[in-house]
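A, B, ... follow the sequence lines: proteins, then strands. Residue 1 opens every chain. The shown structure was predicted, so the numbers you read here are calculated from the model rather than taken from an experiment.
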2 protein chains.
Amino acid sequence: MNKDFILRLTKYKRLLYKLKALGFERVFSNNLGDAIGVTPALVRKDFSTLSLPGNKRGGYNVDTLIEKLDKILGRDRAQHVVVVGCGRIGTALMEYSGFNTDGIEIVAGFDAHPENVHNTSGVPIYGMDKLNEYVQENDTKVAIIAVPDSEASKVLDRLIDAGIRGILNFAPVELKCTRNDCPGSTTIHNVNIALELEHLFYQVNSQEAEEEEKHATGEETGAHPDGNT
Amino acid sequence: MNKDFILRLTKYKRLLYKLKALGFERVFSNNLGDAIGVTPALVRKDFSTLSLPGNKRGGYNVDTLIEKLDKILGRDRAQHVVVVGCGRIGTALMEYSGFNTDGIEIVAGFDAHPENVHNTSGVPIYGMDKLNEYVQENDTKVAIIAVPDSEASKVLDRLIDAGIRGILNFAPVELKCTRNDCPGSTTIHNVNIALELEHLFYQVNSQEAEEEEKHATGEETGAHPDGNT
DNA sequence: AAGTTAATGTGAACTATCGCACATATATAG
DNA sequence: CTATATATGTGCGATAGTTCACATTAACTT
Ligand SMILES: NC(=O)c1ccc[n+]([C@@H]2O[C@H](COP(=O)([O-])OP(=O)(O)OC[C@H]3O[C@@H](n4cnc5c(N)ncnc54)[C@H](O)[C@@H]3O)[C@@H](O)[C@H]2O)c1
Ligand SMILES: NC(=O)c1ccc[n+]([C@@H]2O[C@H](COP(=O)([O-])OP(=O)(O)OC[C@H]3O[C@@H](n4cnc5c(N)ncnc54)[C@H](O)[C@@H]3O)[C@@H](O)[C@H]2O)c1
């Protein structure tokens, strides 16, 4: 339900796979908490709300956790994605092989001008006219939008029409489904790189200002309880 | 201070620029709230905590807001970034011109093998040996990490040594500054695309399961108060 | 100039999230 | 078989973040 909660689940799952590869059979809420940066109590509470059983003395069984988390996170089936807009970002994603390790596969690309795309990825690229057909025949549910900002909203509509229910949007516009017949189940995540950079600049700048201030006041403030990142 | 808070500020600012371009002179907390998806009360409270003054009847003055937000968010000076790792993602970012509109400029790229990079971006690309010199001479504070996962941690160390204080990391590892002499002011943001996709899959899958369940129980649940995204 | 309207500004209530602390259960040792 | 150590499971209180509700005040109207 909650964003942070699901994020933690995904982190647990990833960590557990790594631990399994290292030969771990059991883990403690302590270990997991340390690794993903939360308190052990929260780990236990998370597992508790998901009814993930632990062993009162021996911690949690890695295989059990992985199995159940995979089911909860939907990794028991293959996860297929299509990319719409095969420009710089789009092709970078299609050429990227790292998604496989997470059970994610980019199965097709779509572009308004597929003939212009220099395709070295092995992923087939189709024209936009093939979108509906492909999505429906292959029962694809998730798409990445990597078209110019001005096109993003139109593309969103087409994707929803085609039956896509989850969208990762790279265009720097806050996409929302505003149609009257918008399926309530549609989820849109916006990845706004410029926003992230701005956020960074803000923090860096304000940190700097703070330090300058500290110097200016002669370092007399030794009681600033700010040890967090 | 708070992540969501700063994110909202940035969103306000962006929206305000767009509104200004449209000829707006005043806005109401209502408008802003609708546009960025929060309640008008929160908008007012945000502005209140920043001492951004509004007009008791005529809302907020767009120019004033922009000016003050720009100052708070540090946009009164030019914002320079360097990219480390000029592969697919790295070059996509360097070739991208959209950052300019937000006052952000990618000023240089660095790569372990600059001779292999096909550079069409106009941004100069240097070897890693030039990193320290460049960052110090140009007083660069923010960098993007786009190197392979296995290199990310090493690169992080080098960046911090060079004087970088804000980092946007695209490698799918949760980078943390774990050194003993890590400057407390260093900020790291991780953009994990695979994580985002997994999150989407989770939501889509669970939505689907929910709907199936609803159908199975004969649609007798008309009282599910879930109208949010 | 007085009255009305329409927005802000904010204290208080509410809500969700998280950490604490301890009761609880189980594996191991004696 | 009993005792003990150890890690889970969870009620409760603290805290931060958000919304409510309304007093406040500036602009417009007549
Ligand atoms: N490149 C980056 O580093 C970067 C960074 C941040 C954000 N973004 C955003 O990501 C999006 C894509 O950026 P890019 O640099 O890859 O752009 P690009 O111009 O390289 O590629 C866009 C692609 O979309 C295709 N396209 C255009 N209209 C279309 C439509 N209606 N339907 C289908 N395809 C269509 C074009 O043919 C082109 O191949 C943009 O919105 C951009 O603002 C990019
Ligand atoms: N391409 C994608 O779509 C995508 C998606 C998600 C995450 N990522 C992550 O982003 C990162 C970059 O991905 P990519 O596809 O651009 O990789 P890439 O292999 O295309 O490029 C990596 C670049 O880094 C350079 N490099 C390697 N080691 C270096 C070092 N120690 N110092 C400086 N430069 C070094 C290489 O020369 C190369 O140019 C990876 O961690 C990847 O997992 C990429």
Nearest-Å distance for atom pair CG/P, residues N30(A) and dG19(C): 13 Å
hbond_proxy R57(A) side chain to dA7(D) base (donor-acceptor, 3.5 Å cutoff): no
Nearest-angstrom distance from the residue atom CZ of R44(A) to C1' of dG19(C): 10 Å
Validation row: I89(B), V83(B) side chains within 4.5 angstrom (heavy atoms): no
d(CG, N55(B); P, dA7(C)) in whole Å: 11 Å
Listed nucleotide nearest any side-chain atom of T39(B), set dT19(D), dT8(D), dT8(C): dT19(D)
Distance in angstrom units between N61(A) CG and dT8(D) P, rounded: 13 Å
Validation row: V43(B), F28(B) side chains within 4.5 angstrom (heavy atoms): no
d(CG, N2(B); P, dT17(C)) in whole Å: 14 Å
Euclidean distance, atom CG of residue L32(B) to atom C1' of dA7(C) [Å, nearest integer]: 13 Å
NZ/NE/NH1/NH2 to OD/OE distance under 4.0 Å, E198(A) and R14(B): yes
Rounded distance in Å - CG (D46(B)) to P (dA16(D)): 17 Å
Check: Y17(B)/D70(B) side-chain N/O donor and acceptor closer than 3.5 Å: yes
Exceeds 12 heavy-atom contacts within 6.0 angstrom, atom CD of E196(B): yes
Sugar-phosphate only, base, or nothing, as touched by Y60(A) at under 4.0 Å among non-hydrogen atoms: sugar-phosphate
Spacing between K45(B) atom NZ and dA16(D) atom C1', to the nearest angstrom: 12 Å
Sugar-phosphate, base or nothing in reach of R8(A), heavy atoms under 4.0 Å: sugar-phosphate
Sugar-phosphate, base or nothing in reach of P53(B), heavy atoms under 4.0 Å: sugar-phosphate
Toward the 5' end of DNA chain C, by each residue's nearest nucleotide, G58(A) or L42(A): L42(A)
